[in-house]
Amino acid sequence: MIPFDLAQPQSLAEAIKLLDPDDPTVRPFAGGTALMLMMKAGLFRPKLLVSLGRIEKKYSEIAADKSGLRIGAMTTLSALEQSPDAKKLTPVISRTLRTLSNVRVRNVATVGGALAHGDPHMDLPPVLIALGATLTVAGPRGERTLAVEDLFTGYYETVLAKNELITEVRVPAQDGKRASYMKVTAGSADDWPALGVAVALQAEGATVKSARVVASAATTKATRLKSAEAVLAGQVVDHRLLARAGEAAAAEADILSDVRGSAAYKREILRIYVGRAVRAAIEGRMH
Amino acid sequence: MTTTEAKVGAQVGHQVGRSLPRLESRDKVTGRAEYVHTMRLPGMLHAKLFRSTVAHGRIKSIDTSAAKNFPGVAHVVTIADIRKVIPDPYYGPAFHDQPILADGKVRFVGEPVAAVLAADPHVAEEAVQLITAEYEELPAVFDEVEALTANTYIHDELKPAGTFADLKHLKGVRNTNVALDYRLRRGDVDKAFASAAHVFEHEFKTQKVLHLSFEPHATIADYKDSGVTLYTASQGPSFVRTEIARLLGWPENKVRVKVPYLGSGYGSKLYIKLEALALALSMISRRPVKIALTFEELFYQITRHPTTFRIKSGIDKNGRIIARKCEVLWNGGAYADIGPRVTQKSGLTASGPYDIENVSIDSYALYTNVTPSGALRGFGVPQLVWAYESHTDMIARALNIDPIEFRRKNLLREGRPHATGTVMKDAPSTRYWTSSPSGSMRSRSTAAPASSAAAAASVSASRR
Amino acid sequence: MTAARTIHFKLNGAPVSADVKPHHNLIEMLQAQFGLTGARESCGQGLCGCCTVLVNGRAVSGCLQLAVLVDGAEVVTIESLDAGDKLDPVQQAFIEAGAFQCGYCTPGFVLMTKQLLDAHPDPDDEQIKHYLSGNLCRCGTYPEVIAAVKLASRRRKGAPAG
Amino acid sequence: MITPTTSVAIVNVSADGSVALYCGTIDMGQGSDTTMAQMVGEVLNVPAESVRVVQRDTDVTPYDMGTLGSRSLFHMGHAVRRAAEDAREKLKALAREVGEPEGSNIPIPALFVKKYGMQAGNVIGTGIYKPDYIPPAPDTGLSANITAFWMISGTGAEVEVDTETGHVRLLKLVSVLDIGTPINPKIVETQISGAAIMQLGFTMFEKMHIDGGQVTNASLADYKIPGFHDVPLTMENLCVDTYQSNGPFGAKGVGEVATFGVSPAIANAIDDACGVRLTELPLNPEAVLRAIRAKQGKPLGNE
């Protein structure tokens, strides 16, 4: 790696001050697992990294009440994975994290980093979008709140300004909501996903009252598939309904070709996996 | 029992046949086993490589001035500097076709063009990024089928190493990408095809893959006037010594090659790889020089041959294979490495483990503009078996013969000649050829998932 | 050029200090300044597990860890396991099960297995595969590793090895 | 490579009876140091774990053509066996020289003391092996002796194909090899399953993607190799009961042999399962699904 400077501010406010809204070579550094890859590959050459490791402890904590979870952005993925509150209130998140990358990465990577990086292959964003999670962002002029759904604008692109930091993610409790996440790999079993599909459903028996369906990895960004959601809403789940939802999703999604498969192939597995994910949610199991 | 108790006529029990844990176990589980990739010598410089970004091109210029002026850089080296210490800087096991650094031309993306030496590897890495090169791009050939007939030639002329009697005739041959063609002719294939009840012809392809040893290639060269010592992650220190002595014009006894633990190889660390460059850089800097590849750089070092294999079989009315014609094209990449040996040694087994009276094999080693291909666990045989055992199964299915039964019927048995004429010896008994190799194979089919069992057989000559 | 800074941390139980620059990763520091080569950078992406090190009791990929950030931390490497010349039961199990070939990835597997057994003292096959899925072995000794983990589990519980 | 190929070994018995082996075979994980030591131990009647295999250094370890082509156990094995036998004969000669009766059980250290008056001296055995070989005729490629031994194997595969997505699950992989009589059965088994798992990666998904000569997946993130979850649910690694008549202790090489049949066995099983034939590697889900859909007359597009 090419030399750079590193700052270790003691507070969030100090960190924000160190960031430069106009300089892409100054970047915040949380767990660093994703940023390190870009730096090693020469894709990112920082002048200054602002390490968030020493900011206030509260940004690494998980709070819970009946309405849901408040996850500090510096919470590591393994802390969230093992959180009893998460297991109780948002079991789909705990299950998703189990197969996210590997234990060592989860021990270091943070919830905020997984979102701010804007990588469409990440497993957490589609699940958070399906659950209707929101996040709090802090910048020089204070805080703002937005839906995770509105965070991503494109391939590795978000609405965050270069001097804004995610501070907290709020996830509503699943309550009766049934949810699943399916990670589909096309290389080795533990590859990055070629496709991720997250669904969250309000359902009574086999009848879907409302649904959120989100695709990731195959798309430029984690994306809600609203036409598939519309097909499902108010309907009884059966083979034909799932086929129609899959068709709608395949028609709607904007899909990329890469080393993990052609767009044609990924569209095809999206068509299949929307139905499988819905069925898994209804039946309360995960892929 | 301690060794001091060993007696001339004493019995300690059989040692052969014991499932003894590996002798080096303790070093490996404690992390104390030493590998070249993590070795250091006092005063050592690190080399980082500037690599070609074009697949085929003439080098118009290389600008190393900014890198040379970068603080902490000891040397920036191109082929011109290397010629001053090694006048004929070409190496390779089969052909002396590979320049220590690109010499006038680049032949694949990733080919080393210049090297930066610095005590701090990060300095060398940063300085490499300051080097620029201009190329006059030439048409490139990537595919083995295309390479056979293309009139774009990767090398101006063939340069066999001279150590092989059967490659000498290729010396000086021009206007070809064929580094070696091996042919085998047994019986009369055409006549047999004419009399066959059924003829099947298929084409199979394999892709480019690589070894990915977790210890990437690494060499430290320590050159002194009295002799040179190389610490190298190598599967063949004797060959390294011979080749380094040849490059230096020295007797072998002045070249010392040491290999500590090796973080696997699978064929990637055979013959000569980084050793010639490390030697040259140590000669230029007069200091120990280490080249340790990154994982990414493995993709520019050595790979397995992609292949195109056209195979045609004639079957008589009794289900006997009476003729087989094989044409195998080996995509050797930009430098021959050991490809010509793969082409011959494995090529001669291309007709499979069957007793066939009429066989024709043509096996071609081809130069192309991609990372060189060499030996990878099987030395070409897995590519061949992929084709001939798929082909064999396809024939059996088409003829409605049980695929295992079809193989049994045609298998080469003890005392029968292989396609080469060499008689099969020590063949395992055909009693092992049951239609259910494991005894518990079953075929299953459910709604979406379909499940099944099948088998493949192979025989291959040892390649000594 | 960025300046080196001095960090203080515990390495295998002993307080140490090191001068490092921000762009140095943990593996480079351990090798260059402490001569500890059991953690090795291979893929450089945290995917193979060869560079596994424990920081504050948790396994990390040393190749993705900036050295300056272990200031004040407790760092444990494979070299601490056979303190007093006695192998850890996990190491012994790896030997007896023959759970390695070239050995380059082995220290990472051993450390991760220790973590696994701390979290799940009696893991089944699925737990083993899941927990160790971020450790790769190009020699393909996965079946032997599973056997070694089970053997180590029995040993740690004091049961006679089967 | 250079046929026929040569291996040379030295066995050094020190005056305390300890034994060191000098050979150029590189143990890169295949376990050759251990199996070579077992052969030395067998000949000299010492425990294999007491034999020191000296680190490779061309200043001290003699010539070996290279560690490749499953040749080491056969070629170097013979050289090592011969070196050990040479040392054994020299020890016997020494025993006769110092007046020991035939079949004497005198400890080796005592033998040296008897000869040299103190713990001093060495016995050095050497062995060289180069098999017979006839090069192929240039015009016909034929030879009456093309190889010292054949490598023989069969592979069976049982798969489950997801016909909606093309995913192939490997339920069972059986490797059956003729490797002669194993010197170290445990090491042989690890070699067999390791080779099969490696070839399984080359079969199912490994591929260098090259675009205009540029490798586009040059990293472990984008070039995947087998991990725990890619190993077949059941693997059987079997050796048939044979004896290689010209091999050292009836053995021959094993390192590559289990790779051979993996790819076609899996492709043949896929055909058996869902009636599609793939003729190009890798057999990744997209390739399988494309073949299935083509057969159904609903081919996937080229998007």
Side-chain angles (χ1 to χ4, degrees), chain B residues 18-40 44 46 70-72 118-123 125-126 209-218 233 235 259-269 290 292-299 376-377, chain C residues 1-2 21 23-25 27-28 30-32 35-45 47-53 63 77-83 85 87-88 90-111 113 135-140 148:
Chain B
R18 288 177 69 197
S19 280
L20 174 70
R22 288 155 200 274
L23 297 184
E24 77 285 7
S25 290
R26 201 179 166 107
D27 283 354
K28 286 184 175 171
V29 299
T30 57
R32 293 195 170 79
E34 187 177 45
Y35 301 83
V36 178
H37 209 273
T38 57
M39 269 177 77
R40 282 154 206 276
M44 181 174 90
H46 293 268
F70 192 75
D120 180 344
H122 294 281
V123 167
E125 184 188 341
E126 195 168 4
V209 297
L210 77 170
H211 316 70
L212 290 182
S213 299
F214 276 6
E215 181 197 13
H217 292 76
Q235 294 174 239
V259 182
Y261 284 106
L262 189 63
S264 81
Y266 320 112
S268 66
K269 296 167 179 169
K290 177 174 180 176
L293 296 190
T294 63
F295 202 82
E296 181 187 343
E297 287 178 295
L298 290 174
F299 291 78
L376 198 177
R377 204 167 196 171
Chain C
M1 290 297 284
T2 51
K21 291 181 177 177
H23 62 279
H24 290 156
N25 73 39
I27 299 304
E28 292 176 274
L30 291 171
Q31 293 186 358
L36 299 175
T37 57
R40 302 149 183 150
E41 177 158 349
S42 182
C43 78
Q45 297 184 307
L47 297 172
C48 69
C50 293
C51 65
T52 301
V53 175
C63 78
T77 70
I78 186 73
E79 285 87 353
S80 71
L81 259 59
D82 58 334
D85 216 34
L87 291 179
D88 184 276
V90 172
Q91 293 173 313
Q92 191 59 41
F94 268 66
I95 293 176
E96 286 172 36
F100 49 86
Q101 291 208 7
C102 80
Y104 207 73
C105 65
T106 311
F109 270 101
V110 169
L111 281 175
T113 299
N135 288 67
L136 297 175
C137 170
R138 189 50 156 165
C139 302

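Proteins come first, then strands; the chains are lettered A, B, ... in the order of their sequence lines, and each starts at number 1. All of these numbers come straight from a predicted model, not from anything done at the bench.
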Interface moiety of C:Ala32 toward chain B, non-hydrogen atoms closer than 4.5 Å: both
Region of C:Gln45 in contact with chain B, defined by heavy-atom distances below 4.5 Å: neither
With C:Cys50 via side-chain contact (heavy atoms from CB on, under 4.5 Å) - residues at least two apart: B:Phe214, C:Ser42, C:Cys48, C:Tyr104, C:Cys105
Side-chain donor/acceptor of B:Arg32 to backbone N/O of C:Gly38, under 3.5 Å: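 Side chain of B:Arg32 to backbone of C:Gly38, a donor-acceptor pair under 3.5 Å: no, none is there.
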Close side-chain approach of C:Arg138 and B:His211, heavy atoms under 4.5 Å: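 Contact flag for C:Arg138/B:His211 side chains = no.
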Choice from C:Val110, C:Asp82, C:Thr106 maximising heavy atom contacts with chain B below 4.5 Å: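 Top option by heavy-atom pairs under 4.5 Å: C:Asp82.
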4.5 Å side-chain heavy-atom contact, C:Glu28 and B:His122: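 Yes - at least one pair of side-chain heavy atoms lies under 4.5 Å apart.
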Any B:Thr30 side-chain heavy atom under 4.5 Å of C:Gln91 side chain: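 They are in contact (side-chain heavy atoms under 4.5 Å apart), so the answer is yes.
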Atom group of C:Ile27 that falls short of 4.5 Å from chain B, counting heavy atoms: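 Neither; nothing under 4.5 Å.
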Contact leader toward chain C among B:Glu24, B:Arg40, B:Glu34, where contacts are heavy-atom pairs under 4.5 Å: B:Arg40
Close side-chain approach of C:Phe94 and B:Lys28, heavy atoms under 4.5 Å: no
Closest approach of C:Asp85 to B:Arg26 (non-hydrogen atoms, all atoms of both residues): O-NH2, 2.9 Å
Contact class of B:Leu262 relative to chain C, heavy atoms under 4.5 angstrom: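 Contact with chain C is through the backbone of B:Leu262 alone.
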CD-OG distance between C:Glu96 and B:Ser19, expressed to the nearest 0.5 angstrom: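 Here the interatomic distance stands at 13.0 Å.
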OG1 on C:Thr37 to CE on B:Met39, rounded to 0.5 Å: 10.5 Å
Contact class of C:Ile95 relative to chain B, heavy atoms under 4.5 angstrom: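 For C:Ile95, heavy atoms of backbone and side chain both lie under 4.5 Å from chain B.
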Heavy-atom pair with the smallest gap, counting every atom of C:Cys139 and B:Ser264: SG-CB, 4.1 Å
